[in-house]
Amino acid sequence: MSPFRIAAFRGAATLGLVLMGATTLAAQSQNCPATGKGPLPLKYSGGATVAAITPCDLMNRLYKYADDSMMGRQVGTEYHHQAVAYIEREVRRLGLQPAGDNGGYYQDFPITERKVDAASTLTVGSQSFHVVSDFLAAGAGVPKQFENASVVYAGLLTDTTSQLDSAAVAGKVLLAMPMSRMTPEIQRALVQSESYRAYGRARQGALAVINVLPDSLYPRYVGFLGGPNLTLGEPPVAAAGAPGRLPTLYVSTKVAEAMMGVPLATAQKGQVGQTFSSDVRFTVGPAPAGRNVVAIFPGSDPKLKGEYVAIGGHSDHVGFSVGSQGESDSLKVWGAVGHPAGAEGGRSTPLTPEEWSKVNSDIAAMRKLYPARPDSIFNGADDDGSGSVSVLEIAEAFAKGNVKPKRSILFVWHAGEEMGMWGSAYFMDHPTVPRDSIVAQLNIDMVGRGAATDVTGQGKAGGVLHGGDRYVQLVGSRRLSTELGDLVETVSTTGKHGFNFDYNIDADGHPQNIYCRSDHWSYAKWGVPVVFFTTGGHSDYHQLTDEPQFIRYGHMAALDSLIFDIAVATANLDHRVVVDHAKPNPAPATSCKQ
């Protein structure tokens with residue numbers, strides 16, 4: 001097996017020991033797979049953690065935190081509570097001061113769950129169809145039902161050979177087929193085409209649009225639309241007489257053909273089908289609360305200990321797939337070629353026969369080592385298990401070590417980043433320490449990868465970025481404070497950390513808009529200087545294959561050591577970090593623009 005495949009399958013590339021000069025005797029005696037050269041195991045349980053920041057500690061923590069038993073740690077579920085309970089036990093064991101609500105470590109915020117009722121049906125003639133098995137539904141507010149609604153076939157939006165008649169579709173339901181994957185260039189051309197504009201004009205008079213999900217794609221949607229829909233806040237109280245809203249429907253081929261009365265292969269654009277009615281209901285109620293974990297390592301200077309350097313990561317991920325499974329190792333091999341940026345983007349061209357041959361041979365080689373692994377859990381080892389355990393490891397280095405900074409260190413594990421930075425926004429809207437006492441925030445999100453084989457992002461002008469030895473991306477480090485950005489560079493140099501900083505994705509107007517997509521923005525929005533540390537994207541980003549055996553633990557430990565030193569340097573300044581750029585408007589409606 002080539003070095004690339006070994007690194008891709010089991011994350012064994014460049015896993016070196018770090019912090020040689022700083023490790024304690026206990027750390028030096030640690031021995032775990034992360035310090036060796038072989039492939040990493042699927043399961044692992046290590047010994048006790050130590051004061052120093054080490055690869056073995058991080059591996060021990062992450063194999064627990066990103067284990068299948070955590071079921072993907074989606075906020076608003078019991079599984080997320082299970083995950084943050086591990087963090088709470090650790091910070092309590094370390095003796096950090098609780099800084100949540102009511103004298104504890106937790107800061108809870110309300111989440112509402114909205115879920116389609118399992119008894120919901122669609123009726124076409126004498127046929128009755130059932131939610132999840134035949135169709136999916138989404139919607140907000142009070143549901144309004146379809147009653148003897150007429151269906152018109154809209155076909156493919158990319159079909160420019162014929163147009164829909166606005167008058168013919170007025171008051172009817174359009175049945176639309178899904179579009180195949182398109183490059184951004186083709187998508188822009190489609191949206192700007194006269195055919196698409198004509199479809200838009202015709203659609204304006206339609207009652208609704210129903211999307212057909214071919215059977216091969218249908219299971220992928222079940223986990224997203226068949227499961228609960230979560231929103232931030234308390235369950236709303238419906239006003240008496242509130243107008244209803246039609247649900248958004250996604251139907252299987254079987255339902256679509258019943259609606260048209262003919263096989264879809266023979267249906268013509270503009271053809272009028274059957275009438276149908278709906279009985280789609282939703283249940284609305286409170287979900288398990290979102291749960292931040294907040295703890296403090298107190299400063300040593302009586303005059304400065306009331307100020308804080310915040311260090312954070314997000315504790316949640318995206319859960320598990322309800323309606324489908326994948327074969328983890330096969331997806332891993334295919335993703336490296338066909339989807340090199342994971343959920344951030346895939347190839348716009350199909351794999352060549354030669355590439356398929358290589359994919360299949362790699363999978364066959366893996367099958368000789370271990371059996372197939374069906375998988376439906378998004379473990380989120382890198383996103384953001386790596387950040388969560390990094391914050392824990394840094395917290396332990398302060399709690400057990402000899403370094404006592406002047407200012408206090410505020411540790412916050414934010415919940416709900418994947419849902420739109422819920423937890424960090426809630427914390428800054430309802431801070432458990434005075435908001436203006438937070439002098440800087442260091443955000444750690446996806447710091448476990450960054451190998452030369454990883455596609456870590458895209459350049460502003462095009463092309464892709466790759467990682468490498470001692471690679472890390474910095475975002476936002478000079479957007480509010482030039483001094484903070486300079487301090488990061490100085491600490492890296494004087495501490496001989498040797499990191500190579502990539503600022504590409506921090507460029508103004510960058511299409512990935514990373515500055516606005518993680519928890520540091522919730523602090524920057526209030527004028528707190530921030531630095532976002534990440535090793536960037538990869539083919540496992542938001543995929544079933546983001547698992548702990550693919551993490552570069554030596555690299556992560558080295559980066560955590562750098563962040564520890566930056567926190568100490570910031571906390572020991574004889575002045576607050578200087579904010580020399582304009583602060584954003586913290587109003588809730590303010591949107592972020594990179």
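The structure presented is a predicted model; accordingly, all values stated were derived computationally and were not measured.
Atom OG of Ser315 sits about 11.0 Å away from atom CE of Met70, to the nearest 0.5 Å. The CE atom of Met556 lies 4.5 Å from the OG atom of Ser390; values are rounded to the nearest 0.5 Å. Atom CG of residue Asp68 and atom CG of residue Asn379 lie 5.0 Å apart, to the nearest 0.5 angstrom. Interatomic distance, Asp101 CG to Asn292 CG, rounded to the nearest 0.5 Å: 9.0 Å.
In this pair, Phe501 and Tyr503 present their aromatic rings perpendicular. The plane angle is above 60°, beyond the 30 to 60° band. A perpendicular orientation is assigned to the rings of Tyr515 and Trp521, their planes being inclined by more than 60° (bins at 30° and 60°). Ring geometry for Phe427 against Tyr523 counts as tilted: the plane angle lies between 30° and 60°, on a 0 to 90° scale.
Screening Lys593, Lys460, Arg479 against Asp508 for a salt bridge (Lys or Arg N to Asp or Glu O under 4.0 Å) leaves a single residue, Arg479.
Scanning all heavy atoms of the two residues, the minimum distance from Ile438 to Arg576 falls at O-NH2, 3.6 Å.
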Between Arg61 and Glu90, does a salt bridge (charged side-chain N to carboxylate O under 4.0 Å, His left out) hold up when you go through it step by step? CA-CA 10 Å; Arg61 294 185 189 281; Glu90 285 292 281; 2.6 Å; yes

Lys406 and Asp574: CA distance, side-chain angles, deciding distance, salt bridge (charged side-chain N to carboxylate O under 4.0 Å, His left out) verdict: CA-CA 9 Å; Lys406 296 178 181 179; Asp574 61 4; over 6 Å; no

Test salt bridge (charged side-chain N to carboxylate O under 4.0 Å, His left out) applied to Asp486 and Arg478, step by step: CA-CA 8 Å; Asp486 291 345; Arg478 292 186 174 91; 3.0 Å; yes

For Phe564 and Phe398: C-alpha separation, side-chain torsions, deciding distance, then whether ring pair (Phe, Tyr, Trp, His ring centres under 6.0 Å) applies. CA-CA 9 Å; Phe564 177 93; Phe398 277 111; 4.3 Å; yes

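Between Arg93 and Glu396 there is a salt bridge, since a side-chain N of the basic residue sits under 4.0 Å from a carboxylate O of the acidic one. Ion pairing of Arg291 with Glu88 is absent here, as no side-chain N (NZ or NE/NH1/NH2) approaches a carboxylate O to less than 4.0 Å.
Remark: Arg73 fails to qualify as a cation-pi partner of Tyr79 under the 6.0 Å distance and 45° angle criteria applied to the six-membered ring.
Remark: side-chain polar atoms of Thr534 are not paired, donor with acceptor, to backbone N or O of Val447 under 3.5 angstrom.
In this structure, His317 has its ring center under 6.0 Å from that of His542.
For the pair Gln458 and Pro511, the minimum side-chain heavy-atom distance is below 4.5 Å. Side-chain contact between Thr545 and Glu547 is absent, with no heavy atoms from C-beta onward closer than 4.5 Å.
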